[in-house]
Amino acid sequence: MRSRRSNSDVRPTFDHPGIGFGCDYNPEQWSPEVWTEDVQLMREAGVDLVAINIFGWSHIEPRRGEFDFANLDTIITMLHNNGIRVNLGTGTASAPAWLTTEHPEILPMVEDGTTRYHGGRQAWCPSSPVFREHARALVEQVAKRYGQHPAVALWHVSNELGCHNALCYDETSAAAFRTWLQQRYGTLDALNAAWGTSFWSQRYSAWDEISTPKLTLSTPNPSQVIDFHRFSSDEILDYYRLETSIIRQHSSVPVTTNFMVTAHIKNQDYWSWVDDMDVIANDHYLDHRLDNPRLELSFAADVTRGLAQNNPWLLMESATSAVNWQPHNIAKTPGEMMRNSIAHVARGADAVCFFQWRASVQGSEKYHSALLPHAGSDSDLWREVLELSHTLDSLDEVAGTTVISEVAFIFSWESWWAADGKNRPSTSVRYLEQVHAAYWAAQSLGLTVTMVPPGSDLSGFRLVIVPTLYMVTDAEAAAINDFVHNGGHALITFYSGIVDQDDRVRTGGYPGAFRNLLGIRSEEFAPLLPEHVVTLSNGWRGSLWTEHLRVTTATAVETYVDGPVAGAPAVTRNSFGAGEAWYLSTALNEQSYDQLLGTIVQRANVRPSHPAADGMLEIVRRADASRSFLFVINHNTHQTQVSASGFELTTGNRVDGTLTVPAGAVRVVREDSTHE
Ligand code: GAL
């Protein structure tokens, strides 16, 4: 597997032969007899990358300063002797009881000012110097002991950093927040200006008056909340750097941690982490609370690939079947684990790993699926695991290739935080839903998109999709302007370009940052009640949002025929330099959205990844300079055919012109000639 870094970069690279297949392993929960069986079954399943010591702290340091590595030594040796590579956790994810008993001040505080205690996990304040000191001592021991061990292929810092404790509101965090603010603003005057503290008598006259945004009676200061998100994300990253710097003193093995690019966890701005990661790794679980969990999987995989800068990445955790933390934990249907896993590989994953190896029988995750279920190896699930392993083996030659795309898609954690803040024009307009809607439309058209942060250089793409980019800096807006000016095409959707980095409204007409680019001017928002559907001049249906829009230089492509702004433009197109910029002022239903994007794609001369691809038939191409692989994932309940020629890797059959993909199956064709 190639590193995501350039040749000039000396960071370690994660080299793994082929596509990895692995899991989290928590041997602390089992007796040594079980370990022997585990390793034997891991071999049978072809598991080649195992994450251990993730929650090991209370085992390897049972009392302060007393270390006991006997069991960890044994496990690492057993794995190594069986040819299984170790993804070694630093063990710091969950503080042991002796630490929180001795130092209750490290416990995290939530928004209402109450403390959270030992007994769950991640019960530590990210800014706590006491926690950091103890974690540092532990990492030092682990890194020193195993830094040169031949089994260790990867370092796994903590676990899902910030999953539960990202936002800590205690006095330690408040002090760290103030330091962060001093660095950002320099003076109190600058802070007061940025936060708009003249409003509601919120003005600060000393740094010590500033705290974390704890629960207020009315709504808190929105700019303070955004800065607290930024600070909290930076603080967790700073913690990651601390662990990494210790590991680096003892080991040249690459370091990573598992991101949570999923639907419901939004506290890290992972774009700011990218430069610190040797290899990007993500955890993904289907979320059945969403309208379309499967499409969200593809979305998350594409965001992860974006973070990896289109280099291969690792799927560090996923579930073989049900999870245990949703209200209704839906078991996967036969073939679903295969389709889910290959969808990640199609979008750049060079390893597929699961939480966890053996299903727990105690603790709060005992109803979470695993590679080895409670039923044991005489089970359909285990047989599917073997089949998946076999399929991944057949795809080994794909490792190292990347995904081709002509369409950029801007995703922004800052806009997510800001757009979903309190006291907005409509609580029904939620950032991620609007992003997903745009992504679904791209999927339906068979478009593979590349996720980029705001401000990216977009040259090289033909089209950029910009959904609800609510918060945008001047420089970020300029990057989109430049792209269009130089001949690119853009689709920008409503509630974009509204505020600057301080959450300050851009005046003179909405959408302030994009008014000239789009050739439009909007005087007032006109959001809709949730059940209200409006009709556009061509029959398309919109909901949630309309606005009092008029065109300045743009063409009104469609207008509203009813609703609060009947007669006003609904969809506009503006020629700008050598390119074109489109504006969509409402939440189109799926069919209408597909048609709009279809038109834009045609005008931008973007080619879908494959003519047959649609939402139910995922077709993605991975390639390098000399080879290309066509991934076809058939989510339909019927067989389908697509045109392809080459060698089909999962069955070992030649394909001449027509590839038949059975219902629910996956196929990967090494294509005869390189895709242009
Ligand atoms: C992840 C976590 C794992 C396990 C898993 C269950 O968030 O990293 O330790 O809890 O969820 O789905």
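Counting starts at 1 for both ligands and their atoms, following the listed order.
- Residue F55 has at least one heavy-atom neighbour below 4.0 Å for each of these atoms of ligand 1: 9 (O).
- Considering both main-chain and side-chain atoms, D24 never comes within under 3.5 Å of ligand 1 through any nitrogen or oxygen pair.
- The number of heavy-atom neighbours closer than 6.0 Å to CG of N81, taken from other residues, nucleotides and ligands shown, is above 12.
- Using a 4.0 Å cut-off between heavy atoms, E317 contacts ligand 1 through its side chain alone, with no backbone atom that close.
- Remark: of the listed residues Q141, E140, R145, K144, E140 is the sole one forming a side chain to side chain donor-acceptor pair (under 3.5 Å) with H250.
- For D283, every heavy-atom contact with ligand 1 shorter than 4.0 Å involves the side chain, none the backbone.
- The cationic group of R358 lies under 6.0 Å from the six-membered ring centre of W30 and within 45° of the ring axis, placing it in a cation-pi geometry.
- Nearest protein neighbour of atom 12 (O) of ligand 1, counting heavy atoms only, is H368 NE2, 2.6 Å.
- Contact check for L315 versus H284: side-chain heavy atoms found under the 4.5 Å cut-off.
- There is no side-chain donor-acceptor pair under 3.5 Å between N329 and Y367.
- Within ligand 1, the atoms closer than 4.0 Å to a non-hydrogen atom of N159 are 2 (C), 8 (O), 9 (O), numbered from 1 in the order shown.
- A donor-acceptor pair shorter than 3.5 Å can be found between the side chains of W357 and D38.
- Against a heavy-atom cut-off of under 4.0 Å, E365 is close to the following atoms of ligand 1: 4 (C), 5 (C), 6 (C), 10 (O).
- Atom numbering of ligand 1 starts at 1 in the shown order; those under 4.0 Å from a heavy atom of W325 are 6 (C), 12 (O).
- Protein heavy atom nearest atom 5 (C) of ligand 1, with residue, atom name and distance: Y285 OH, 3.4 Å.
- More than 12 heavy-atom neighbours from other residues, nucleotides or ligands sit within 6.0 angstrom of NZ on K214.
- Residue contacts with ligand 1 for R121 involve side-chain atoms from C-beta outward but no N, CA, C or O (heavy atoms, distance under 4.0 Å).
- Ring centroid separation for the pair F228 and Y169 comes in under the 6.0 Å cut-off.
- Numbered from 1 in the order shown, with element, the atoms of ligand 1 that lie under 4.0 Å from a heavy atom of E160 read 1 (C), 2 (C), 7 (O), 8 (O).
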